[in-house]
Amino acid sequence: RPIPANGGKTIEFRKFNALPKALTPITEGVTPTASKLTVVPVTATVDQYGDYVEISDLLDLTGYDRNILEANKLLGSQSGRTLDTITRNEINAGTNVIYQPKKGGTAVVSRSGLDATCLLTIDTVFEAAAILKAMNTPKIDGSYVAIIHPYVAKDFMVANREAGTWIDVNKYSNATKIFEGEIGKVAGVRFVESSEAKIWGEGESNVPSGLAVFSTLVFGDGAYGVTD
């Protein structure tokens, strides 16, 4: 949602809460009491990001490479990855977290409790989908969507292909609109592969020694908002 020109540095999104169930029968000829809309504002302060490459006129005139063209391409790629990471980090700051249990089913309640056996399973995906369904979270084209790192996707796809639960994207019906980077579907969740999925490395935020922790985001429609 864009901010109008001269609209300040604050963006406001407005969330309309669901109306309560109308369980009282109405009487013919009598106007019932009207419900009222309730709106929850969600605000954020915008920041500006940017970069440039310095190229001298001598280099531009004498260099063997097409420096201006290459710089434009690199800056365009940098811009997209930068904005993607800023958005990703905001979403990963959320508090609705499921930690993958250890092999054998031992529950994990914090990032520091994870170990090398905590590999994403279909049971955890079902749990995430169940939480969203229980909150009546609207779906995106009939499914929830997960952003998954290629390393996690490799292990997850292999395990579920062997179990016969994984549906490859090329086996969807022709009417399904495919997301960029989408690789398949399981448990009613469509998986989009991205190398930009969040990774917490060793030494960061309670990451166990010798390990990296990969985030898989599972969300529905209206999970987050961005501005230009």
Side-chain angles (χ1 to χ4, degrees), residues 1-50 79-99 109-111 123-148 167 169 172-173 175-182 184-194 196-198 215-228:
R1 180 173 300 172
I3 299 177
N6 304 313
K9 291 185 63 178
T10 300
I11 179 71
E12 180 176 285
F13 299 93
R14 299 176 64 79
K15 175 180 177 292
F16 286 81
N17 289 335
L19 294 172
K21 297 176 182 178
L23 300 177
T24 303
I26 59 176
T27 302
E28 184 180 359
V30 178
T31 302
T33 302
S35 292
K36 295 183 179 179
L37 295 175
T38 55
V39 181
V40 179
V42 180
T43 61
T45 302
V46 297
D47 290 307
Q48 188 176 27
Y49 300 87
S79 173
R81 289 181 289 109
T82 297
L83 295 175
D84 189 63
T85 298
I86 291 166
T87 304
R88 177 204 71 187
N89 289 346
E90 287 295 328
I91 303 173
N92 273 282
T95 56
N96 293 322
V97 183
I98 302 172
Y99 295 101
V109 297
S110 68
R111 193 179 300 157
D123 290 343
T124 301
V125 176
F126 268 118
E127 182 181 355
I131 292 172
L132 293 173
K133 290 176 184 176
M135 297 297 292
N136 296 318
T137 304
K139 297 180 178 180
I140 302 172
D141 291 339
S143 302
Y144 296 120
V145 174
I147 307 296
I148 189 170
I167 303 173
V169 69
Y172 289 2
S173 69
T176 304
K177 181 181 178 182
I178 307 300
F179 300 123
E180 183 177 353
E182 186 170 359
K185 180 177 180 180
V186 68
V189 178
R190 296 168 62 177
F191 285 82
V192 176
E193 192 177 59
S194 173
E196 296 295 321
K198 176 71 174 178
S215 163
T216 299
L217 292 170
V218 185
F219 53 87
D221 192 27
Y224 65 96
V226 296
T227 187
D228 294 340

Who passes side-chain hydrogen bond (donor to acceptor under 3.5 Å, both in side chains) against K185, sequence neighbours left out?
S143
Pairs involving residues 82-95, ordered by first then second residue, that meet salt bridge (Lys or Arg N to Asp or Glu O under 4.0 Å) (sequence neighbours left out)
none
Using the test side chain to side chain contact (heavy atoms under 4.5 Å, CB included), find all partners of Y99 that sit at least two apart in sequence or belong to another chain.
V97, V108, R111, L114
I'd like to check the side-chain hydrogen bond (donor to acceptor under 3.5 Å, both in side chains) partners of T227; sequence neighbours left out, ordered by chain and number.
none
Could I get the full list of side-chain hydrogen bond (donor to acceptor under 3.5 Å, both in side chains) partners for T85, not counting sequence neighbours?
E196
Residue set satisfying side-chain hydrogen bond (donor to acceptor under 3.5 Å, both in side chains) with S215, at least two apart, ordered chain then number -> N92
S110: which residues meet the side chain to side chain contact (heavy atoms under 4.5 Å, CB included) condition with it, sequence neighbours left out?
S112
Using the test side chain to side chain contact (heavy atoms under 4.5 Å, CB included), find all partners of I140 that sit at least two apart in sequence or belong to another chain.
V145, F179, F219, D221
For V189 and A146, work out which heavy atoms get closest and say how close.
CG1-CB, 3.7 Å
Sequence neighbours left out, what pairs pass salt bridge (Lys or Arg N to Asp or Glu O under 4.0 Å) with at least one residue falling in residues 123-138?
none
Holding to ring pair (Phe, Tyr, Trp, His ring centres under 6.0 Å), I want the full list of residues that pass it with Y144, two or more places apart in sequence or in another chain.
none
Side-chain polar contacts of residues 19-34 - donor-acceptor pairs under 3.5 angstrom, sequence neighbours left out - could you list them?
none

Excluding sequence neighbours, so at least two apart, what forms side chain to side chain contact (heavy atoms under 4.5 Å, CB included) with D47?
Y49
